[in-house]
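Data block below; observations after.
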Amino acid sequence: MNKRFFITIIVMGVVLFSLVACSHARTSFDFERASIISVCIEDAVPGYYADTLKIELDQKEMSNLIQIVPELQLKKGQSGQSNGIGSDYSIVCYGENGSKLYKFDVDSSHNLNMEDSYLEHNTKLDEFLGNLETTYGFLNYDNGERLPGPEFLKFTDIISKIKFVEHTETNFDDGVSYILKKDEVDRLKGGISKAVYSEGKELYDGDMMYRINAFDKWGSFVYSIFVTPEYDVYINGRPYEYDSIKDWLDEMEEVSGFADKH
């Protein structure tokens with residue numbers, strides 16, 4: 001009896017050790033703190049806006065950040081929340097001679113997204129980034145008033161899902177709701193890039209006839225397109241000329257079944 005109990009304890013110990021080792025292998029992140037010379041807050045995509053966001057952290061802020069990052073767990077893929085193109089900002093770590101060592105796209109939950117992986121936020125990171133956002137105000141920097149830059153509509157190639165949703169008197173209940181098939185996505189996604197910015201038009205005020213949401217392979221927003229009953233068009237909150245993508249919108253209405261209903 002004692003021998004069986006002893007063997008069981010040993011087996012359980014080996015299994016536990018293996019699980020811990022595997023977990024460590026999955027979550028380790030090679031972060032060379034000593035090589036970092038400066039850290040800046042920047043736009044996730046250069047050229048996405050006409051102006052430029054770049055704030056260099058002071059030494060204390062930089063020191064706090066590089067102590068927190070190694071504590072974060074590394075996850076595969078991306079968080080699938082607002083990140084990349086739609087993220088609020090990026091954290092960029094620079095080395096000697098201005099070399100870019102790390103770039104983290106910060107999503108709405110403070111996860112740090114990289115190309116094919118992300119570092120999961122914790123309480124320390126939430127508090128640290130929350131303080132930065134309050135101090136510098138860059139989280140509210142994009143309040144719809146920043147003009148689109150030359151790269152604003154150049155990300156249609158990463159779109160892997162498009163959903164058409166009709167707005168009704170009961171919000172989105174009982175309206176047309178359609179997820180495009182893969183061949184429809186491949187055929188239609190490029191049409192967004194033909195939109196022409198509308199100078200001087202008011203920002204989106206909440207009135208909507210339907211919306212078209214485009215997502216990347218991780219489930220993050222790439223573009224969100226609102227069309228009002230007056231046929232005003234807004235892409236990611238910015239006004240665009242309806243006539244510039246009328247043909248594309250007509251196709252979307254046909255494919256989704258919205259045209260047949262109306």
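Everything quoted here is computed from the prediction, not taken from an experiment.
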Any donor-acceptor pair under 3.5 Å from [X] side chain to [Y] backbone:
| X | Y | result |
| --- | --- | --- |
| D51 | G149 | no |
| E61 | D58 | yes |
| R33 | P70 | no |
| S193 | G190 | yes |
| S160 | D216 | yes |
| N111 | H121 | yes |
| W248 | L188 | yes |
| K189 | I158 | no |
| D43 | P46 | no |

Sequence-distant partners of [X], ring pair (Phe, Tyr, Trp, His ring centres under 6.0 Å), two or more places apart:
| X | result |
| --- | --- |
| Y94 | none |
| Y240 | Y197 |
| F258 | F164, Y210, H262 |

**OP:** Decide if atom NZ of K60 counts as having more than 12 heavy atoms of other residues, nucleotides or ligands within a radius under 6.0 Å.
**Re:** no
**OP:** Take Y49 and E151, measure what side-chain hydrogen bond (donor to acceptor under 3.5 Å, both in side chains) needs, and give me the verdict at the end.
**Re:** CA-CA 8 Å; Y49 297 110; E151 303 298 314; over 6 Å; no
Find the distance between [atom1] ([X]) and [atom2] ([Y]) and round it off to the nearest 0.5 Å.
| X | Y | atom1 | atom2 | result |
| --- | --- | --- | --- | --- |
| Q59 | S38 | CD | OG | 9.0 Å |
| E96 | L101 | CD | CG | 9.5 Å |
| I55 | E42 | CD1 | CD | 10.0 Å |
| T123 | H110 | OG1 | NE2 | 12.0 Å |
| I159 | K161 | CD1 | NZ | 13.0 Å |
| L72 | Y118 | CG | OH | 11.5 Å |

What residues form a side chain to side chain donor-acceptor pair (under 3.5 Å) with [X], not counting sequence neighbours?
| X | answer |
| --- | --- |
| N213 | S224 |
| Y178 | K181, E184 |
| E56 | none |
| K154 | none |

State, yes or no, whether a side-chain contact exists between [X] and [Y] at a heavy-atom distance under 4.5 Å.
| X | Y | result |
| --- | --- | --- |
| Y48 | N236 | yes |
| M209 | E230 | no |
| Y223 | F155 | yes |
| K163 | V165 | yes |
| P148 | R238 | yes |
| M252 | D247 | no |

Original post:
Do Y136 and N131 meet the criterion of a side-chain donor-acceptor pair at a distance under 3.5 Å?
Top reply: no
Can you give me the closest heavy-atom contact between [X] and [Y], atom names plus distance?
| X | Y | value |
| --- | --- | --- |
| L57 | M62 | CB-N, 4.2 Å |
| V196 | S244 | N-OG, 3.0 Å |
| P229 | D207 | CD-OD2, 3.6 Å |
| S90 | A44 | OG-CA, 3.0 Å |
| L153 | A195 | CD1-O, 3.5 Å |

Original post:
Mind checking what makes salt bridge (Lys or Arg N to Asp or Glu O under 4.0 Å) contact with D243, not counting sequence neighbours?
Top reply: none
Original post:
Can you list the residues that meet the salt bridge (Lys or Arg N to Asp or Glu O under 4.0 Å) rule with E241, with sequence neighbours excluded?
Top reply: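 E241: no salt bridge (Lys or Arg N to Asp or Glu O under 4.0 Å) contacts found.
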**OP:** Tell me, with the steps shown, if I91 and L129 meet side chain to side chain contact (heavy atoms under 4.5 Å, CB included).
**Re:** CA-CA 10 Å; I91 297 172; L129 293 180; 3.8 Å; yes
**OP:** Could you walk me through whether F128 and L65 pass the side chain to side chain contact (heavy atoms under 4.5 Å, CB included) test, one step at a time?
**Re:** CA-CA 8 Å; F128 173 76; L65 175 67; 3.8 Å; yes
Is there a path from [X] to [Y] through hydrophobic residues (I, L, V, M, F, W, Y) whose side chains come within less than 4.5 Å of each other?
| X | Y | answer |
| --- | --- | --- |
| I245 | V227 | yes |
| L125 | L119 | yes |
| I162 | I179 | no |
| V92 | V106 | no |

Original post:
Are Y234 and F226 close enough, and set up right, to give a ring pair (Phe, Tyr, Trp, His ring centres under 6.0 Å), and what steps lead you there?
Top reply: CA-CA 5 Å; Y234 297 88; F226 296 167; 7.9 Å; no
Among pairs that include at least one residue of [range], which meet salt bridge (Lys or Arg N to Asp or Glu O under 4.0 Å), considering only residues two or more places apart or in two chains?
| range | result |
| --- | --- |
| residues 191-200 | none |
| residues 108-121 | K75-E120 |
| residues 121-132 | E71-K124 |

**OP:** Could you tell me whether R211 and E166 have a side-chain N and a carboxylate O separated by less than 4.0 Å?
**Re:** no
Original post:
Ion pair present between D250 and K246, side-chain N to carboxylate O less than 4.0 angstrom?
Top reply: yes
Original post:
L180 pairs by side-chain contact (heavy atoms from CB on, under 4.5 Å) with which of I212, D186, V185?
Top reply: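 Running side-chain contact (heavy atoms from CB on, under 4.5 Å) over I212, D186, V185 with L180 returns exactly one hit, V185.
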**OP:** Mind running side chain to side chain contact (heavy atoms under 4.5 Å, CB included) on Y242 and S198 for me, showing each step along the way?
**Re:** CA-CA 9 Å; Y242 174 80; S198 182; over 6 Å; no
